[in-house]
Every structure is written in structure tokens, then in C-alpha cells.
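One structure is given here, and the rest of the page talks about it.
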Amino acid sequence: MKTKRKYLFLPLAIVLGLGTAGCGSVKKMLKEARKKEKVSYTVPADSLMEVHADTVRTTFGASLVPKKIIKKKQTYYMIPTLKYASGSKTFDSLRFKWFKGMNKKVPIKKDTTLVFAYSPEMEYSTLELKGVARRKKKQGEQPKDIVIAYGMVTTCYLGIDRDQLVFAKHSYSPKTTTEEVNSAMFFDQGKYNIRRDEEKSDTLVKFVNNISVKRKIVGVKVSGTASPEGKQSEVNQPLSENRAKTLISWLKGQFKNIGYASAQDSSFFNVFSQPEGRGEDWANFEAGYKNTNIPEADKTAIEQILKEGGDKDAMHDKIQKLKSYPQLEKLFYPKLRRSEVTIVIENLPANDYQVAEKAMKVKNGQADYSTLEKEEAMYVLTNYKRMVKLYNACQQDPELKRLMDDNNALVNQIAEAEAKLKAINEDTKLKGAAKEKAIKDQSKVVIELKNKLFDGTQKAYNMQNAIASRTVGTDAELTEGEIKDLFALYNQHIKVYNNDWRAYNNLASWMLKLATESNEPAAAKQQVYTAAKQLLEKADQLKKNEPMVLNGLGVVAKNMKDYKQAMDYFNKAKGASGEVSMAANYNMGGIYIKRGKYDQAIAAFSAADPKVRTTNYNKGLACILSKGYDSAKQALEAENNLQPDATDKIAAMTNYLLAINAARMNNVTDVAKYLSKACKLDASLKDKASKDPEFRRNNIRNTNEFKVAIN
């Protein structure tokens with residue numbers, strides 16, 4: 001619908017090289033043109049100039065009744081001019097000229113559309129019309145220009161375009177490592193009772209001490225063997241089984257001594273391999289006889305006997321007939337009369353604090369980056385804020401600090417106790433029962449201290465886990481110093497693990513994120529975009545066509561104003577699923593708004609992640625610009641509901657857009673409601689609203705509700 005407006009005069013001066021007002025008929029033309037019924041103009045409702053895709057397109061019309069104004073060889077011009085603080089822009093005039101057969105009582109109507117590129121200085125401009133009369137070489141101007149439109153509607157620039165970047169994730173999971181601890185107990189020929197020297201041997205003492213430090217046992221295998229003399233089935237097989245059982249019995253006592261009281265239950269060994277009696281140990285005989293000092297001829301003879309095989313007793317009879325047999329029996333066979341034990345011990349997996357501690361040592365230059373495994377390092381890099389907070393929390397926790405100090409003290413006490421045990425063993429003056437008692441007592445001290453350390457380590461581990469469970473933080477909260485440290489760690493990661501495309505992608509994504517959010521000069525940002533592009537291109541070389549890398553390259557192109565290339569990257573990236581696809585759609589939506597393609601923008605933001613702030617905001621903006629006001633309100637209310645208590649710029653601008661949307665719907669009550677909230681969240685919006693042509697619509701800016709809302 002068009003609104004017709006009539007004025008007594010048409011506007012003031014535009015420099016067109018026209019002369020000063022002439023006399024005679026020119027003056028008469030100008031005088032007649034001031035009359036309401038002679039000259040008028042029409043503009044779209046509310047007389048607005050609106051920007052879309054950096055371009056302004058506005059249409060208006062003019063009407064002139066020729067009577068007493070236009071005679072033969074006379075012309076009247078209406079000249080549109082855009083005026084703003086730093087300059088002006090003049091457009092082609094609307095010309096009203098005498099023509100043959102003119103009915104001077106019938107109005108002549110002219111319509112024109114102005115299309116021009118928008119620049120920021122034009123925001124608070126006016127569109128004015130100048131009236132100029134001309135007859136031959138004489139001409140004159142109306143004394144005043146008339147304003148037909150106030151200010152530019154720049155709502156299309158109210159998008160909050162936060163580039164969506166996707167950070168590659170780690171595949172780290174705490175590893176529960178296991179290790180095998182082996183030992184053996186040796187027996188006298190034909191016997192399976194424990195020798196006294198074996199029970200107190202240094203090997204078995206160390207074996208028990210080792211279990212006491214890492215005592216989560218997940219498997220035990222015990223086997224017994226015999227040397228190959230005597231009858232295999234009648235003597236050596238049962239002998240080997242009894243030797244295995246002897247070791248099991250001994251182990252039960254040791255488990256009890258180091259705190260494994262449950263080892264006495266019959267169910268304890270059910271989870272382990274049952275004792276195995278292997279009989280004669282021909283395998284170790286065959287592997288070891290060549291390393292003895294018996295004559296080479298006898299070694300050759302044994303080799304032939306083993307090669308021929310057959311009955312084991314017969315084989316042994318042949319070996320007994322060799323001249324070197326007594327030597328074998330004395331020096332080699334005792335090694336075959338034994339019981340072996342393999343205990344599989346489970347070590348605690350590294351918890352988050354221990355990983356954080358390693359990372360902080362690397363950060364502080366106390367350890368090389370390679371001490372962090374690749375996935376462990378990526379875990380730190382992608383959770384850096386939490387790692388820093390967790391490390392600091394554990395360092396500052398008084399109870400944990402006390403426990404850690406106690407554990408460190410126990411380490412020193414254990415070292416002293418072991419040194420004392422070694423001294424007792426090496427003391428040549430101490431002998432007999434006294435020495436045995438001293439060794440036993442000191443071994444008990446070592447075991448008790450190690451058990452305390454194990455318990456303390458377990459408590460510290462659990463406390464660290466408890467602190468970790470309540471330590472939260474996001475990378476968005478990183479301080480300037482933490483960002484600097486994170487970048488340094490990423491650079492180290494790239495040097496150590498230079499084929500890890502994720503590090504290149506993530507470092508570039510961080511650079512882009514910070515650049516788009518900063519107020520740095522454009523030239524400085526361009527340097528960042530160039531550096532980020534190089535990193536992303538390296539990532540693309542390492543993993544071709546990885547969607548999240550393509551999305552990052554699209555963000556670079558977008559910020560470098562190469563929208564065509566950016567859209568090519570985003571279209572490829574959105575072929576992925578989940579987070580990458582939603583990020584690419586979000587980024588495409590921003591470009592569609594810049595291009596004035598609002599329906600495509602709505603579709604893109606609809607496919608983006610609605611849980612990401614500004615997704616619904618930008619969708620709502622696109623709906624306003626495409627005149628879908630009900631949809632706009634729905635999207636903007638969804639943005640408000642995402643964080644209903646937010647007090648930041650996004651919340652303020654969401655309510656400002658809702659006020660604009662209400663103005664376009666001529667809902668003064670909603671304008672006041674939303675605009676009042678927006679101005680409370682951001683006081684600078686009061687001034688913006690007072691100048692914003694959006695609120696000229698339907699004369700809303702002159703209502704009491706509007707005035708109260710911005711005051």
C-alpha cells in the first residue's frame with residue numbers, strides 16, 4: 001500500500017551546475033509548484049530505505065499537475081539526493097516536460113527506483129527531493145528540499161556471526177596396565193619341602209616386596225618340575241605336582257603377610273590357574289645342556305638322543321651312561337628341580353591429575369613433551385582449562401597435600417629400611433639364628449612400610465579422582481596466559497607428533513576463534529587468517545578431505561571475503577554427519593545473510609545446532625528480513641530460552657530484534673516489552689533505538705510506550 005503526501009514546496013539545493021533562479025515564467029513555475037494540488041510525491045509505507053546484501057533499493061513516485069507550471073519549452077525537475085554527514089549522493093532526476101497534446105489538468109506521474117551500494121557513513125542519512133524549474137537557459141530552484149525518507153534500515157547487519165569451528169578430539173582412555181612378576185623356588189633331589197636357604201633367599205624377598213607395592217593380583221600360575229632321573233610316571237610326575245602345591249602354600253602365607261588375608265579363602269585361587277605339575281623338565285634340559293662345560297662329544301651324543309626321542313625313561317638311561325653325567329647331575333640338574341610362579345599384577349591406571357601433572361611439568365620445562373603419549377597429549381590439549389584447574393586444585397588441597405607429603409616420606413623410609421636389610425645380609429659378623437631373625441624382622445619392616453605406601457597411594461589416587469569429579473572448566477574460560485601456554489604446547493605437539501593432523505586443525509581453529517572475537521586491526525587479523533590457512537592446508541595433506549578441516553578452510557575463506565570458495569568448502573564439509581555438518585550449515589547461514597538470500601539462510605540455520613547460542617538468533621534475523629515475523633518471534637524466543645538468565649550482548653540483541661519484529665507487526669505493547677529489557681541489558685541500545693528507522697514504522701517512535709522503554 002502506498003501513502004500519498006503533498007507538500008507546498010519541493011526541496012533545497014543540490015549542486016548540479018544549474019544557474020540561479022531566472023525571471024518571468026521560471027519564477028511563475030516555482031510559485032505554482034509550491035501549491036499542494038500541483039506537486040506531490042508518493043513513497044512506500046513508512047518511507048524507509050532498507051539495506052540488503054550491502055545494497056539499498058528504494059522506490060518512490062512523484063506527481064505534477066501541469067496547469068500554470070509547464071508550458072512549451074518549459075521543464076520541471078524533481079532531483080533525489082541522499083545526504084549524510086560526510087557527503088551526499090545525487091541520483092537521476094524525474095523530469096516533467098511539455099509535450100504536444102498535454103492535458104494540463106491531468107497529473108503526470110513518474111516512478112523511480114534508486115539502487116546504490118551502501119557504506120556505513122550513510123546509516124543516518126536522509127533522502128531529499130529538490131525542485132528545479134527551467135525555461136530555455138533560465139532556471140531556478142525551490143527554496144527548500146523536502147525529506148521523503150529518514151535513515152537507513154541496517155537490520156541486516158545485526159547478525160552475530162560466530163564462526164563455528166570443530167576441534168578434533170582425542171581417543172585417550174586411561175589404561176590399566178599389567179605386568180608379570182616371576183620367581184622360582186628350588187628343591188633338593190626327590191623332595192618337595194621348602195629348603196631353609198630358599199625361604200630366606202634374596203630373590204624371594206625381593207619377589208614378595210615387589211608384590212607388596214603392586215598388589216592387585218589378577219592372575220597366578222604355579223608349576224612344578226623335576227629333573228629327568230628316576231621314573232617319570234611313578235616318581236617325577238607326582239613330585240612335580242607336590243612341589244607346585246608347596247609353593248602355593250608358601251604363597252598363601254606371603255599374601256597374608258602383605259595384607260592379602262583373602263588369599264586364605266578357597267575362592268582366592270579359583271580365579272587363577274591351578275597348580276600344574278609338569279613332571280620332568282625336558283624343555284629346560286634341552287635348552288640348557290649346551291651351556292654346560294661337559295665335553296662337546298657328550299653334547300653331540302645328547303643331541304642325538306633327544307633327536308631320536310622315544311620313552312623318556314629310556315632316554316635318561318642313555319644319558320646316565322655318558323662319562324659327563326655326574327657333572328650334569330651335580331651342576332645342571334638342581335636347576336630343573338623347582339617350582340615356578342608367575343603373578344600378573346594390575347597397576348592403577350593414570351588418573352586425570354597424574355596426566356595433568358605430567359603436562360604441567362612439560363609446560364614448565366621440567367620434562368620433554370615426548371613423556372606425554374600422543375593420545376594422552378591430545379587429551380590434555382582438548383581439555384586444557386580443566387587440566388590446569390585440576391592440577392592447581394590438587395596442589396592446593398590441604399588434605400591431599402598432607403597425604404602426598406606422607407607418601408614421599410614413606411618412600412625415603414623404605415629406601416632406608418631396604419638399605420638396612422641389605423647391610424644385614426652382607427654383615428659377615430652376624431651369623432646363624434641371630435642373622436636369620438634380623439633378616440626376618442627387617443624384611444617385615446620393609447613390607448609394612450611398602451604396604452603403608454600402597455594404601456597411601458590408593459588414598460591419594462581416590463582423592464585426586466574425587467577432586468577431578470568436581471573440577472570443571474571450558475576452554476572458553478582460558479586466560480590470556482593459558483592461551484599462550486596452550487599454543488606453545490600445540491607447537492611442541494606438532495614437532496614431536498608431526499603427522500597428527502588433529503593438532504594442526506585445532507591450533508588453526510584456536511587462532512581463528514580468537515581472531516574473529518578480537519578487536520585487533522584488520523591487517524593483524526589477515527596475518528592470523530594466513531597462518532591458520534597454512535596449518536589447515538597441512539592438516540588436509542595429512543588427512544585429505546577431512547570435513548572438520550574443510551570447515552576450517554571455509555571459515556578462513558569467509559573471513560578473507562572469498563565467499564564463493566568458502567561456500568565450496570562448507571558444502572563439502574556439511575556432507576559429514578553430526579557436529580561438523582551443523583557447524584558448516586551455521587557458517588553457510590552467515591554468508592547467505594550477507595548475500596541477502598534469507599530463505600537459504602533460514603534453511604541453513606535450521607540445520608545447525610540449536611543448542612549453540614546465536615543459531616536461533618541468526619535464524620530469527622533471517623526470518624525478519626524475509627518478512628516471516630511469526631517464525632522470527634518463535635526463533636528469537638527459543639534463543640532467549642536457551643539461556644534465560646543471560647545478561648550479555650547476545651541476550652540484549654535478541655530482545656532488540658524481538659522489538660524490531662514487533663514494530664514490523666505494529667505491536668506497540670511487545671515493542672515496549674522487549675525494547676525495555678534490551679536497554680536494561682545494554683544501555684547503548686537506547687541511543688540506537690532512538691535513531692533506528694525500524695521504529696519509525698507505524699509512527700511507533702512517537703508513542704508513549706516507546707519513549708518509556710528507552711528512558
Side-chain angles (χ1 to χ4, degrees), residues 1-5 42-52 56 58 60 122-127 146-160 593 598 613-614 616-711:
M1 183 177 91
K2 292 188 176 182
T3 302
K4 187 173 182 181
R5 297 180 181 176
T42 59
V43 295
D46 300 315
S47 183
L48 297 177
M49 295 181 289
E50 192 162 350
V51 185
H52 296 284
V56 181
T58 188
F60 66 93
M122 296 177 180
E123 182 174 7
Y124 299 116
S125 56
T126 56
L127 182 62
I146 187 164
V147 178
I148 61 172
Y150 292 87
M152 297 284 181
V153 177
T154 56
T155 302
C156 67
Y157 295 122
L158 295 184
I160 303 178
I593 287 180
Y598 304 126
R613 289 193 78 195
T614 74
N616 277 307
Y617 174 92
N618 288 311
K619 180 181 177 180
L621 172 62
C623 289
I624 290 174
L625 297 171
S626 67
K627 298 181 171 54
Y629 303 127
D630 290 333
S631 297
K633 183 175 182 180
Q634 184 179 358
L636 293 167
E637 289 288 13
E639 181 68 49
N640 263 340
N641 292 335
L642 192 62
Q643 289 192 19
D645 299 323
T647 58
D648 56 8
K649 177 186 175 182
I650 297 173
M653 289 306 301
T654 301
N655 284 284
Y656 191 83
L657 278 188
L658 280 163
I660 288 175
N661 192 65
R664 291 191 175 204
M665 298 175 78
N666 196 21
N667 187 331
V668 178
T669 301
D670 275 2
V671 169
K673 178 177 74 173
Y674 292 121
L675 190 56
S676 176
K677 186 173 181 181
C679 292
K680 286 177 182 177
L681 292 171
D682 182 356
S684 68
L685 292 177
K686 295 179 180 181
D687 182 62
K688 179 176 178 60
S690 69
K691 299 175 182 177
D692 196 335
E694 288 280 13
F695 299 111
R696 286 183 178 274
R697 298 177 191 272
N698 305 307
N699 204 31
I700 284 176
R701 64 179 295 172
N702 292 323
T703 64
N704 289 331
E705 292 92 334
F706 178 87
K707 293 175 182 177
V708 170
I710 65 170
N711 289 325

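Given the structure is predicted, the values throughout are model-derived calculations rather than measurements.
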*asked:* Tell me if a side-chain donor or acceptor on Asn655 pairs with a main-chain N or O of Ala651 at a distance below 3.5 Å.
replied: yes

*Quick one: closest heavy-atom pair of Ala672 and Ala709, and the distance?*
O-CB, 3.7 Å

*asked:* Tell me every residue that passes side-chain hydrogen bond (donor to acceptor under 3.5 Å, both in side chains) with Glu694, counting only those two or more places apart in sequence or in another chain.
replied: Thr155, Arg664, Arg697

*What distance do Leu621 atom CG and Leu625 atom CG have between them, rounded to the nearest 0.5 Å?*
4.5 Å

_Short side-chain to backbone donor-acceptor contact, Ser690 and Asp687, under 3.5 Å_ = yes

*Do Asn618 side-chain atoms and Ile160 backbone N/O form a donor-acceptor pair below 3.5 Å?*
yes

*Pairwise distance OG1(Thr703) to CZ(Arg701) - rounded to 0.5 angstrom*: 10.5 Å

*How about Glu705 and Val671: do any of their side-chain heavy atoms sit closer than 4.5 Å?*
no

_Using the side-chain hydrogen bond (donor to acceptor under 3.5 Å, both in side chains) criterion, which residues pair with Tyr656? Sequence neighbours excluded._
Asp692

*asked:* Restricting to non-hydrogen atoms, name the atom on Ser125 and the atom on Met49 that form the minimum distance, rounded to 0.1 Å.
replied: OG-CE, 4.0 Å

_For the OH atom of Tyr629 and the CG atom of Asn667, what is their distance to the nearest 0.5 Å?_
13.5 Å

*Let me see the working for Ile660 and Phe695 under side chain to side chain contact (heavy atoms under 4.5 Å, CB included), right down to the final yes or no.*
CA-CA 7 Å; Ile660 288 175; Phe695 299 111; 3.9 Å; yes

*Would you indicate whether the side-chain heavy atoms of Tyr598 and Cys623 approach each other to under 4.5 Å?*
no

*In Å and rounded to the nearest 0.5 Å, what is the CG to CG distance from Leu658 to Leu636?*
4.5 Å

*asked:* Looking at Asn704, I'd like to know if its CG atom is crowded, meaning that more than 12 non-hydrogen atoms belonging to other residues, nucleotides or ligands lie closer than 6.0 Å.
replied: no

*Is there a side-chain contact between Val51 and Val153 (heavy atoms, below 4.5 Å)?*
no

*Over all heavy atoms of both residues, which pair between Ala678 and Ala652 is shortest? Give the atoms and the distance, please.*
CB-O, 3.4 Å

_If I compare all heavy atoms of Ala663 with all of Ile700, which pair ends up nearest, and what's the gap?_
CA-CD1, 3.5 Å

*Sequence neighbours left out, what passes salt bridge (Lys or Arg N to Asp or Glu O under 4.0 Å) with Lys633? Give chain and number order.*
Asp670

_Could you check whether any side-chain N or O of Glu639 sits under 3.5 Å from a backbone N or O of Thr614, counting only pairs where one atom can act as donor and the other as acceptor?_
yes

*Would you say Glu637 has more than 12 foreign heavy atoms packed within less than 6.0 Å of its CD?*
yes

*Mind checking the CG-CD1 spacing from Asn616 to Ile650? Nearest 0.5 Å is all I need.*
12.0 Å

*asked:* Nearest 0.5 Å, please: how far is OG1 in Thr654 from CG in Asn640?
replied: 5.5 Å

*Is any side-chain heavy atom of Val147 closer than 4.5 Å to a side-chain heavy atom of Leu127?*
no

_If I compare all heavy atoms of Leu158 with all of Leu657, which pair ends up nearest, and what's the gap?_
CD1-CD2, 3.9 Å

*Just do the side chain to side chain contact (heavy atoms under 4.5 Å, CB included) check on Gln634 and Asp630 with the steps written out, would you?*
CA-CA 6 Å; Gln634 184 179 358; Asp630 290 333; over 6 Å; no

*asked:* Using a strict threshold of under 4.0 Å (side-chain N to carboxylate O), is an ion pair present between Lys688 and Asp682?
replied: no

_Working for side chain to side chain contact (heavy atoms under 4.5 Å, CB included), residues Glu50 and Val56_ = CA-CA 6 Å; Glu50 192 162 350; Val56 181; over 6 Å; no

